[in-house]
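Only one structure is covered here, and it is reproduced in the block below.
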Amino acid sequence: MMVVAGVSLKGLRLVAVAAFLCVCLPFFARSQENESDSAPEIVVVNGSVFIDVMMNQSVVVRKLNEHGEVVDTLNIGERMQQLDNALSEISSAFSQQLENSQQQLLGQLEEINSTYVSESTLVDHLDAVNSNIDAAESAAALETSNAVSSLKLIVDGDIDDGISSLKNELENDINTKAESEDVSAALSSLVSNVDVVESILTETIDVGSDQGDQIDKILECMDTGLVFDADHPDECVPAYRHDDCPAFQNVKEACASRRFDAECTIECQDGFTIGGSFKCSADSMWEPMGTTDDLCEDIDECADNNGGCEGTCTNTPGSFTCSCPESTLLSDGKSCAKLVMKFLDSPSNLRFSASSHCAKGVVSVPMVPDSAVAVVAAYTTYNTCGNDHVVHSFGRRNAHDCYTWDNRPYELNTYLNDVLITQNGDSGVAQAYGHSGGTQIIPITPDKKMQYALSMGHSRCSNQVVLQVYGYLEGQGILTTSQIRNIRVAVGGGFKPYSFDTPSFVSNKARALIMTVSSFVSDRTDHFMYTIGRTNTNSRGTWENEPYNDGGSPYYGDMKLSHEGDASEARDYYGASQGSFISPSNSDGSFKFIANEGGNGNTHYYTMQIIGYLSAYSNIKFLDTTDVMRMRWRLTTPTRVTNASPPDTVPDGAKAIQALVYTYQDRGHKDHVVHSFGRSSSHITNPWSGQVYEQNKYINDILITHQGDSAGDYYYGHWHGMQTIPLKDDGTFEAYMCMGKSTSLPHYITLMVIGYVM
């Protein structure tokens with residue numbers, strides 16, 4: 001069965017389509033030979049009117065109500081047959097009348113012959129006979145012509161006039177020409193049938209006017225195998241059900257028409273690509289008119305540079321979204337909250353000097369940009385008398401207690417500025433030549449100011465401090481002063497591992513912590529180490545040059561510090577605040593702690609003041625523990641290195657390395673030496689005894705002191721914590737090691753490369 005849908009036929013055009021289908025039906029091949037003749041082969045659907053073309057070529061018009069029930073039926077074939085029969089009866093009656101007239105004329109002729117009329121009379125009679133015959137033929141022709149004209153009026157669409165004319169003509173014929181009751185009955189039946197046709201068609205079809213001019217279009221459509229659509233007089237549509245082509249998706253403007261054969265040029269919305277010109281095909285599909293035309297397809301923005309997202313890019317129809325699973329999405333919609341470390345091309349110094357206890361003040365930090373939230377600086381301290389135990393603080397708030405040595409950081413358990421740095425002296429044995437402790441992370445205020453409290457515990461001469469600012473941090477991750485809290489541990493005995501969850505005052509997405517650390521032991525003399533980072537399982541010896549000699553894994557932990565005591569002359573008698581360091585944490589934000597490495601039975605106190613954290617999106621990265629590599633030197637003289645290459649585990653393009661530094665001098669040989677690491681080793685060769693303060697010049701990027709000689713020695717070697725060493729453009733760094741060495745015995749320097757800065 002074929003179905004024609006979406007075709008609106010008005011007036012007797014419905015009859016024309018049905019007639020067309022009846023004529024064309026024999027040329028359609030049946031799908032099954034055994035189908036019933038009564039089964040519809042073609043159904044034309046027009047609103048609530050169905051035209052069924054049956055397998056026997058009959059045409060049935062069905063009118064349905066709103067419930068789909070048949071409320072009226074007209075068999076066009078039967079009605080047409082009735083009209084044919086009526087016309088046949090009329091023709092038969094006319095023929096009979098003509099025959100009767102002829103018979104009458106023949107009878108008259110015989111009478112003439114029988115009475116021997118004259119030739120002229122005979123001619124007159126013959127002329128009369130011919131006239132009667134001509135009149136009869138003319139009457140018959142006129143009758144037939146009138147009937148055909150009336151039917152043509154119906155076909156042409158002027159159904160009201162056509163039906164009225166047909167009725168009048170037929171009624172006139174009945175009144176004037178029907179000479180028998182049979183003819184009269186036939187004509188009356190024909191008029192009745194016409195009334196029925198008029199009633200059904202008038203109820204079911206919206207009769208139009210002036211449709212005769214559409215017959216040519218109907219025939220044109222038939223010639224192309226299509227059918228005429230009265231709703232769109234200029235169009236021909238397929239002779240089966242045709243839905244509109246689907247609406248285009250993701251276009252800026254909809255098509256004016258989606259009907260068969262319609263053409264449409266589309267422009268894709270932002271976030272979609274292709275487009276072009278299309279034509280609606282007979283199977284209700286848009287066909288591209290050009291070789292490059294295609295439907296609008298979503299652009300996967302994430303495929304190009306991750307959509308510009310720093311974190312995760314998620315493609316959506318016509319767009320994309322950025323998210324930061326390991327941090328917080330910033331207001332630009334693409335960046336993730338993080339701290340970024342950058343380095344100055346020309347480092348410069350902040351210098352401080354104080355000759356009194358707890359000298360407080362504020363200093364500007366002009367060398368860093370307005371975006372900086374902290375400075376990256378290398379510190380050096382010195383007492384002009386060579387012996388004074390003091391503590392200095394730096395950061396954003398110096399309104400704190402000035403008694404900050406012994407075990408006070410643990411006991412006060414409060415915010416003591418951001419960074420505390422101890423200069424040993426007095427009973428702690430003097431750092432006679434000063435001390436350089438390497439990298440410090442020091443937060444500053446939004447207006448680029450730094451508050452300080454100097455010489456807490458001062459007793460003699462002047463204390464000098466130099467902060468060589470060689471970099472800065474910008475971004476998010478430095479805690480406000482009101483957020484800062486301490487993590488404290490008090491434990492006796494030896495080696496003790498701890499595990500800590502992410503501090504509640506720090507984002508649970510932290511991947512590293514920035515902290516200031518202080519330590520104290522109850523007997524004031526014990527020597528021990530402690531480790532902060534991702535593991536607490538290290539059980540190897542971490543002193544007496546084991547980090548250099550050990551042939552096993554170079555990983556000794558992430559951030560390790562020494563608390564001097566026992567045989568070490570440079571003991572931390574008053575406790576030790578060693579400044580701020582970066583220590584990596586685990587992926588879940590937790591971190592580990594090992595206390596009392598090498599400690600004895602006294603009580604050891606640890607205070608970790610958390611001042612900031614790094615998210616996973618920071619450019620400060622840490623290697624897997626299995627990728628930690630070691631760099632080491634055994635030197636007997638001052639040595640300059642200009643092209644030290646980081647381990648292969650550090651990627652190309654790194655701007656700096658994060659290295660855990662350990663130094664060792666053979667026991668009994670108390671060399672006091674200073675090492676420099678960074679981008680330039682072309683600097684003074686005597687960076688001790690106040691020279692760093694007095695020269696006020698760039699001395700590589702960081703300086704590390706190994707105490708000895710008159711300063712007391714680091715008997716067991718010394719862990720200097722995590723150091724940030726910038727690299728040159730070629731990816732190497734320079735070092736000037738063992739400056740000040742006075743013996744020929746070897747000195748050992750070990751760098752455990754834990755991470756890098758991109």
Side-chain angles (χ1 to χ4, degrees), residues 343-349 376-382 431 433-440 466-471 548 630-647 650 655-665 669-709 711 714 717-753:
F343 300 101
L344 299 175
D345 293 333
S346 301
S348 57
N349 297 331
V376 181
Y379 83 90
T380 297
T381 63
Y382 177 68
Q431 293 175 334
Y433 305 105
H435 183 76
S436 296
T439 304
Q440 295 294 301
V466 177
L467 297 178
Q468 179 174 273
V469 179
Y470 66 95
Y548 181 95
R630 178 169 43 199
M631 302 179 71
R632 54 187 177 178
W633 294 266
R634 178 183 180 276
L635 303 174
T636 58
T637 60
T639 301
R640 177 182 281 124
V641 176
T642 59
N643 58 349
S645 296
V650 174
K655 302 299 183 182
I657 59 173
Q658 297 285 340
L660 187 57
V661 178
Y662 176 80
T663 59
Y664 180 77
Q665 178 75 44
H669 304 284
K670 302 179 181 180
D671 258 350
H672 181 281
V673 296
V674 179
H675 313 293
S676 80
F677 302 94
R679 291 167 288 181
S680 176
S681 59
S682 299
H683 52 71
I684 62 174
T685 59
N686 60 334
W688 57 84
S689 297
Q691 287 301 303
V692 174
Y693 183 92
E694 293 174 7
Q695 294 290 328
N696 191 27
K697 294 179 179 180
Y698 170 63
I699 306 176
N700 218 332
D701 289 301
I702 66 168
L703 294 173
I704 298 292
T705 298
H706 182 95
Q707 295 291 338
D709 293 340
Y714 286 155
H718 193 81
W719 289 97
H720 300 268
M722 185 79 73
Q723 304 296 325
T724 300
I725 302 174
L727 302 176
K728 297 186 296 182
D729 291 341
D730 64 0
T732 66
F733 66 91
E734 298 189 10
Y736 203 156
M737 294 172 283
C738 291
M739 291 178 285
K741 185 169 179 52
S742 58
T743 71
S744 60
L745 296 174
H747 185 87
Y748 302 88
I749 305 101
T750 304
L751 273 60
M752 315 294 193
V753 179

With rounding to the nearest 0.5 Å, note down the distance linking [atom1] in [X] to [atom2] in [Y].
| X | Y | atom1 | atom2 | value |
| --- | --- | --- | --- | --- |
| Ile725 | Leu751 | CD1 | CG | 5.0 Å |
| Phe677 | Leu703 | CZ | CG | 9.5 Å |
| Met752 | Arg632 | CE | CZ | 9.0 Å |
| Gln440 | Leu467 | CD | CG | 8.0 Å |

Sequence neighbours excluded, which residues qualify as side chain to side chain donor-acceptor pair (under 3.5 Å) partners of [X]?
| X | answer |
| --- | --- |
| Thr750 | none |
| Ser436 | Thr380 |
| Asn686 | none |

* Contacts of type salt bridge (Lys or Arg N to Asp or Glu O under 4.0 Å), residue Arg630, not counting sequence neighbours ->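 Arg630 satisfies salt bridge (Lys or Arg N to Asp or Glu O under 4.0 Å) with no other residue.
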Taking all heavy atoms of [X] and all of [Y], pick out the closest pair and write down the distance.
| X | Y | result |
| --- | --- | --- |
| Pro687 | Val674 | CG-CG1, 3.8 Å |
| Met631 | Ala644 | CE-CB, 4.3 Å |
| Arg634 | Pro746 | NH2-CG, 3.5 Å |

Listed by chain and number, what are the ring pair (Phe, Tyr, Trp, His ring centres under 6.0 Å) partners of [X], not counting sequence neighbours?
| X | answer |
| --- | --- |
| His747 | His675, His706 |
| His435 | none |
| Tyr548 | Tyr748 |
| His718 | Tyr714, His720 |

Contacts under 3.5 angstrom, residues 727-741 side chains, donor-acceptor by atom type, not counting sequence neighbours:
unit_1: Lys728; atom_1: NZ; unit_2: Thr642; atom_2: O; d: 2.7
unit_1: Lys728; atom_1: NZ; unit_2: Glu734; atom_2: OE2; d: 3.1
unit_1: Asp730; atom_1: OD1; unit_2: Thr732; atom_2: N; d: 3.0
unit_1: Asp730; atom_1: OD1; unit_2: Thr732; atom_2: OG1; d: 2.7
unit_1: Asp730; atom_1: OD2; unit_2: Thr732; atom_2: OG1; d: 3.3
unit_1: Glu734; atom_1: OE1; unit_2: Ser681; atom_2: N; d: 2.8
unit_1: Glu734; atom_1: OE1; unit_2: Ser681; atom_2: OG; d: 2.9
unit_1: Lys741; atom_1: NZ; unit_2: Asp671; atom_2: OD2; d: 2.7
unit_1: Lys741; atom_1: NZ; unit_2: Thr743; atom_2: O; d: 3.4
unit_1: Lys741; atom_1: NZ; unit_2: Thr743; atom_2: OG1; d: 3.4
unit_1: Lys741; atom_1: NZ; unit_2: Leu745; atom_2: O; d: 2.5

By side chain to side chain contact (heavy atoms under 4.5 Å, CB included) - contacts of [X] (at least two apart):
| X | result |
| --- | --- |
| Gln695 | Ile684, Gln691, Lys697 |
| Ser689 | Tyr382, Tyr433 |
| Tyr470 | Phe343, Pro347, Val376, Ala378, Thr439, Arg679, Asp701, Ile702, Thr724, Pro726 |

* Has the side chain of Gln468 got a donor or acceptor atom that lies under 3.5 Å from a matching backbone atom of Ile699? ->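 Judged by distance alone, yes, a pair lies under 3.5 Å.
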* To do: Mind telling me whether Trp688 and His672 have parallel, tilted or perpendicular rings, with 30° and 60° as the class edges?
  =>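 His672 and Trp688: perpendicular rings.
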* Asked: Heavy atoms, side chains only, cut-off 4.5 Å: are Ser742 and Asp709 in contact?
  ->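 Yes, their side chains come closer than 4.5 Å.
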